[in-house]
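Positions are given from 1 along the sequence.
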Amino acid sequence: MDREELLNATPEDSGEPQKKQESPLVSLEKDLAFYADAIKEVGIEIMVEGISAHPIFIAHQHQVSIGEMILNKEELNTDWSIQASTLEEFVEKGIITKEKKEPFLKVYKRPEDYMCVFVIVPEGANFVYYPYNKSKR
């Protein structure tokens, strides 16, 4: 599965010079802190209901075709939407290949303490681990 298929959109390029913008990760950190309790609740629910021992949350600003929407930026007046998924869905869709599943699990942090977030930006996507308790500091 390629980036366009995941995003269902391509970055816009008007050809005009862009002014320097702050990293989208600054607003993502703010939104993750704001969303932390809700995300943790969904993660625990995914594990308790036996859906998966490895919840993954997708942070995006576009449409994506993986997971279920749990926090919509339009409804919450934030910069990022969050969808809930699982390791199993990521493997099924080929985002994490079967060969990469074991190495991924070795770095996967305790889901009770950290949210595993797959961050999608126009330049690409990557996994980040964000501590739930960071928002309490």
Side-chain angles (χ1 to χ4, degrees):
M1 176 174 287
D2 63 10
R3 180 176 59 84
E4 283 77 21
E5 200 174 316
L6 262 181
L7 291 174
N8 200 15
T10 55
E12 295 183 77
D13 183 11
S14 61
E16 295 175 16
Q18 301 277 321
K19 56 183 173 184
K20 182 128 172 102
Q21 295 179 318
E22 85 177 3
S23 167
L25 298 181
V26 173
S27 67
L28 176 60
E29 183 169 16
K30 185 182 89 171
D31 284 359
L32 289 179
F34 177 71
Y35 291 153
D37 290 341
I39 292 174
K40 185 173 188 175
E41 191 175 307
V42 172
I44 289 170
E45 202 173 296
I46 288 170
M47 293 184 291
V48 167
E49 289 183 9
I51 297 167
S52 177
H54 305 95
I56 298 175
F57 298 93
I58 300 101
H60 60 90
Q61 296 178 312
H62 306 85
Q63 292 291 102
V64 297
S65 59
I66 185 169
E68 298 290 325
M69 178 73 72
I70 59 168
L71 298 161
N72 187 322
K73 69 185 181 101
E74 308 301 325
E75 294 171 6
L76 298 166
N77 198 26
T78 54
D79 293 322
W80 293 82
S81 291
I82 305 292
Q83 295 192 196
S85 183
T86 62
L87 170 62
E88 292 78 5
E89 184 179 13
F90 270 63
V91 171
E92 181 185 309
K93 294 209 177 220
I95 298 165
I96 297 173
T97 62
K98 287 183 172 78
E99 298 77 35
K100 298 286 184 185
K101 183 178 175 183
E102 284 307 313
F104 178 83
L105 286 171
K106 285 183 177 151
V107 297
Y108 188 88
K109 295 188 177 193
R110 280 179 41 90
E112 297 84 3
D113 300 326
Y114 292 88
M115 59 182 92
C116 174
V117 185
F118 187 63
V119 181
I120 301 174
V121 293
E123 298 77 29
N126 212 337
F127 287 96
V128 227
Y129 290 90
Y130 189 82
Y132 289 115
N133 64 0
K134 186 170 186 175
S135 60
K136 307 284 187 258
R137 290 181 187 162

Ring centres under 6.0 Å, that's the criterion: do F127 and F104 meet it? yes
Going by the rule side chain to side chain contact (heavy atoms under 4.5 Å, CB included), which residues pair with Y114 if we only count those two or more places apart in sequence or in a different chain? K109, Y129, P131
Answer yes if L32 and M69 sit in the same cluster of Ile, Leu, Val, Met, Phe, Trp and Tyr residues linked by side chain heavy atoms under 4.5 Å apart, and no otherwise. no
Over all atoms of both residues, closest heavy-atom pair of K93 and S65: NZ-O, 2.9 Å
Using only atom types and a distance under 3.5 Å, with no angle test, would you say the side chain of E89 pairs donor to acceptor with the backbone of G67? yes
Check whether any side-chain heavy atom of H54 lies under 4.5 Å from a side-chain heavy atom of T86, and answer yes or no. no
With the 4.5 Å side-chain cut-off for hydrophobic clustering, are I44 and Y132 part of the same group? no
Rounded to the nearest 0.5 Å, what separates atom CD1 in I95 from atom NZ in K100? 15.0 Å
Does any non-hydrogen side-chain atom of I58 lie less than 4.5 Å from one of V119? no
Salt bridge (Lys or Arg N to Asp or Glu O under 4.0 Å) filter on D113, not counting sequence neighbours, yields R110
Exceeds 12 heavy-atom contacts within 6.0 angstrom, atom CD of E112: yes
Which atoms form the tightest heavy-atom contact between Y108 and P55, and what is the distance? OH-O, 2.7 Å
Mind checking whether I70 and F57 have side chains closer than 4.5 Å, heavy atoms only? yes
Heavy-atom pair of closest approach, residues I46 and S85: CD1-O, 4.1 Å
So, do H62 and P122 sit near enough that their side-chain heavy atoms are less than 4.5 Å apart? yes
Do L71 and I51 belong to the same hydrophobic cluster, where Ile, Leu, Val, Met, Phe, Trp and Tyr are linked whenever their side-chain heavy atoms lie under 4.5 Å apart, directly or via other members? yes
So the side chain to side chain donor-acceptor pair (under 3.5 Å) pairs with at least one residue in residues 74-84 (sequence neighbours excluded) are S27-W80, Y35-T78, H60-Q83
Got F118 and I66 here, is their nearest side-chain heavy-atom distance under 4.5 Å? no
Do M47 and S52 make a side-chain contact, defined as non-hydrogen atoms from C-beta onward lying under 4.5 Å apart? no
To the nearest 0.5 angstrom, please state how far the CD atom of Q61 sits from the CD1 atom of I120. 11.0 Å
To the nearest 0.5 Å, what is the distance between NZ on K73 and CG on D31? 10.0 Å
Report the distance from atom CG of N72 to atom CD1 of I82, rounding to the nearest 0.5 Å. 10.5 Å
